[in-house]
Amino acid sequence: MEKIGIVGLGLIGTSIAKALKGKYDVVGVDNDKDAVGYCLENGIISDCGLGSLRGSSVVFLAVPVSAVERTARQVHIVVGDDTVITDTASVKNCFSGMPPRFVGGHPMAGTEQSGCRASMDTLFENAFYILTGDKDGEDTKKVAEVISEMGALAVYMSAEEHDEIISSISHLPHMVAYTLVNTALKAKDNCGELASGGFLDTTRIASSSPDFWLGVVRANKDNVLKAMDEFAAEFAKLREYIADNNGVRARGYFSDGKRRRDKLMSARRFRAEYELYVPVRDEVGAVGKIASLLGDVGADLKSIRIDNSREGTGGALRLGFKRLGDYDKAQKALKENGYL
């Protein structure tokens, strides 16, 4: 079988290995013996160590952004020019002196968890995977071919464009989440015990690795600061409307945000999961009835979660679907039966 190498057997690296298992001969490298042992014992990789990377068609570097350059050079010494090397870091325009067959990559998938045991073979299904190499180049095409086997969707852009866009839609939200938690949870004793779905959903990503995000903001400092300044200006604008009791402006601001969010969700053709929120009563059998209904119409449910409290809507059942067709079936059936 064609060989694929992975350096870094954490959440991303092990998820790549799991997604490619059976389709390629996957080998892995990590300084953490526990991670290597876990992957070998569970048949996720067939071999380990730098020497095992020889003969790989592609080697993924699933290491922190601060370690990408150093690791790329170490791997290149072992594999030479016969192997394409690609990374998974969330900053792209910060590398220099990379091996000749290097292709920048960034999977737009992940969780707030870390480590090999948090990995999933479905992590990249329907997820965008940004490639910053030459779209028409053979090496970029090769990486695109491999990530398609993971279920990911290749998107092409320059490293500069990537870092500017991602600073707003990924890096900034993490900074906001950290700030929101540090603001709200120090305000009053035990207020966190009352936190409901809105707060928990908004701040989920604040459970991400502090070391990881320190590396990201250092590597993409200028873009992150620009995004934070823009956010601060918008927040100040809203504060002014509220302080001045300007209900018209405040409501307009809320309406603009809702419109943009709704448009975003309806326009996204590809996503890792299609979500439906269904209001439910607190009564025995309520969840079972909905699950039975979805089964009757053949809507394949990927995930289910009960939100006990959602501001403005009461209790809700969050349903996640892998395929758009299943989402459409479920939405139609739920509407016809009075749930939506």
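Considering Asp87, Thr132, Asp163 as possible partners of Lys92, the one that fulfils the side-chain hydrogen bond (donor to acceptor under 3.5 Å, both in side chains) test is Asp87.
If you chain together ILVMFWY residues whose side-chain heavy atoms come under 4.5 Å of each other, Val248 ends up in a group of its own. Taking Ile, Leu, Val, Met, Phe, Trp and Tyr as hydrophobic and joining them when side-chain heavy atoms fall under 4.5 Å apart, one finds Phe254 in a cluster with Leu238, Tyr241, Ile242, Tyr253.
Applying the ring pair (Phe, Tyr, Trp, His ring centres under 6.0 Å) test to every pair with at least one member in residues 204-230, sequence neighbours left out, gives these pairs: His171-Trp213, His174-Trp213. For the salt bridge (Lys or Arg N to Asp or Glu O under 4.0 Å) condition, no pair includes a residue of residues 238-254, sequence neighbours left out.
Under the side chain to side chain donor-acceptor pair (under 3.5 Å) criterion, Lys3 pairs with no residue, sequence neighbours left out. Scored by the side chain to side chain donor-acceptor pair (under 3.5 Å) test, Ser46 finds Asp25 as partners (sequence neighbours excluded). Partners of Leu293 by side chain to side chain contact (heavy atoms under 4.5 Å, CB included), not counting sequence neighbours, listed by chain and number: Ala333, Leu334, Asn337, Tyr339. Residues meeting the side chain to side chain contact (heavy atoms under 4.5 Å, CB included) test with Ser158, sequence neighbours left out: Glu160, Glu161. Annotation: side chain to side chain donor-acceptor pair (under 3.5 Å) contacts of Asp300 (sequence neighbours excluded): Arg323. Applying the side chain to side chain donor-acceptor pair (under 3.5 Å) criterion to Thr86, with sequence neighbours excluded, gives no partner residue.
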Review item, side-chain donor-acceptor pairs of residues 67-80, under 3.5 Å, at least two apart:
from: Glu69; atom 1: OE2; to: Ser96; atom 2: N; distance (Å): 3.4
from: Thr71; atom 1: OG1; to: Ala67; atom 2: O; distance (Å): 2.6
from: His76; atom 1: NE2; to: Asp81; atom 2: OD1; distance (Å): 2.6

Can I get a per-line list of side-chain donor-acceptor pairs under 3.5 Å for residues 4-12, giving both atom names and the distance, sequence neighbours left out?
none

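Using a 4.0 Å cut-off between charged nitrogen and carboxylate oxygen, Arg117 and Asp34 count as a salt-bridge pair. Ion pairing of Asp139 with Arg101 is present here, as a side-chain N (NZ or NE/NH1/NH2) and a carboxylate O approach within less than 4.0 Å.
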